[in-house]
Amino acid sequence: MRYLILSDIHANHEALRAVLAHARRKRWDKAIVLGDVVGYGANPNQAVDLVRGLKPLVVIRGNHDKVCSGVEDGEMFNRVALQAAMWTRQKLTPSNLRWLQSLPEGPVVVDGAFAVAHGTPIDEDAYIFGEIEALNVFRQTAFSLCFFGHSHFPVVFGLSPDAIQTVLTTPPSFRFRLQPGVRYLVNPGSIGQPRDGIPLASFALFDSRTRSVSVYRLPYRIERTQRKILDAGLPRPLADRLALGR
Ligand SMILES: [Fe+2]
């Protein structure tokens with residue numbers, strides 16, 4: 001089975017379209033979405049419509065999905081994020097608002113084969129930035145493979161019996177095979193707002209038969225996305241950061 005793993009789309013229509021066009025040329029069977037379909041970007045309905053059109057096997061909610069749909073009030077958000085969330089809440093169609101409100105909290109186990117979470121499988125709003133956080137998650141869970149998002153950069157943490165290892169994936173594509181006896185936390189990166197200094201959309205494919213994960217980085221029409229953000233009256237930093245990948 002080949003799983004298309006998408007995360008942190010953030011209402012970026014151009015980036016999601018670039019990813020789906022590229023993914024169409026690969027073969028995939030089931031789509032999995034790790035949350036934050038909306039928030040920050042100017043095309044929340046287009047992003048939700050494209051995701052719903054994939055008929056994904058699993059979509060879990062992200063922190064922005066919760067605030068944008070009114071499931072949470074966003075008191076932990078900074079001013080820019082909250083402003084974008086309130087704008088998004090007003091723009092969402094009733095159907096897309098209900099769909100976002102109905103998304104389940106992670107972790108969710110997919111096909112009995114692997115887990116998915118937004119932030120971590122312990123706390124959907126917490127971050128895994130480095131090995132200390134990854135180690136804590138490994139210690140408190142039993143998953144042999146878990147895909148997560150929220151931190152907006154592609155990374156692989158592997159826990160073998162004697163060490164933890166970090167692999168930062170590199171563009172344009174990176175493929176690795178899961179090793180027996182090693183547990184993995186894998187972030188496919190962010191489609192709509194990468195934050196590793198590389199302004200390319202990021203997504204992953206997981207082949208459960210060959211036990212291999214591929215991470216792809218793709219260019220998209222950033223200027224067009226930025227123009228839409230500014231035209232919508234959303235805060236300028238949301239547009240500026242896309243070109244920086246931060
Ligand atoms: Fe996010």
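Note that the numbering runs from 1 along the sequence shown for the chain. No hydrogens, no waters, no symmetry mates; every other heavy atom, side chains included, goes into these values. Note that the structure is predicted; figures quoted are calculated from it, not measured. One-based numbering, in listed order, for ligands and for the atoms of each.
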* Among Phe206, Phe157, Phe147, side-chain contact (heavy atoms from CB on, under 4.5 Å) partner for Val186 ->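 Testing Val186 for a side-chain contact (heavy atoms from CB on, under 4.5 Å) against Phe206, Phe157, Phe147 leaves exactly one candidate, Phe147.
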* May I ask you to check whether His118 and Phe148 place their ring centers less than 6.0 Å from one another? =>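 Ring centres of Phe148 and His118 not closer than 6.0 Å.
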* To do: Indicate yes or no: does Asp207 engage Arg2 in a salt bridge with an N to O separation below 4.0 Å.
  =>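 Salt bridge: yes.
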* So, Arg61 and Asp36, do they make that salt bridge, N to O below 4.0 Å? ->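 No salt bridge links Arg61 with Asp36.
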* Do you know the tightest heavy-atom contact between Ala15 and Gly192? ->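 Answer, listing the atom of Ala15 first, then Gly192: CB-CA, 4.3 Å.
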* How about the Fe ion (ligand 1), which protein N, O or S atoms come within less than 2.8 Å? ->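 The answer is Asp8 OD1, His10 NE2, Asp36 OD2, His152 NE2.
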* Side chains of Ser151 and Asn187: do they bring a donor and an acceptor to under 3.5 Å? ->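 A pair is found: one side chain offers a donor N or O, the other an acceptor, under 3.5 Å apart.
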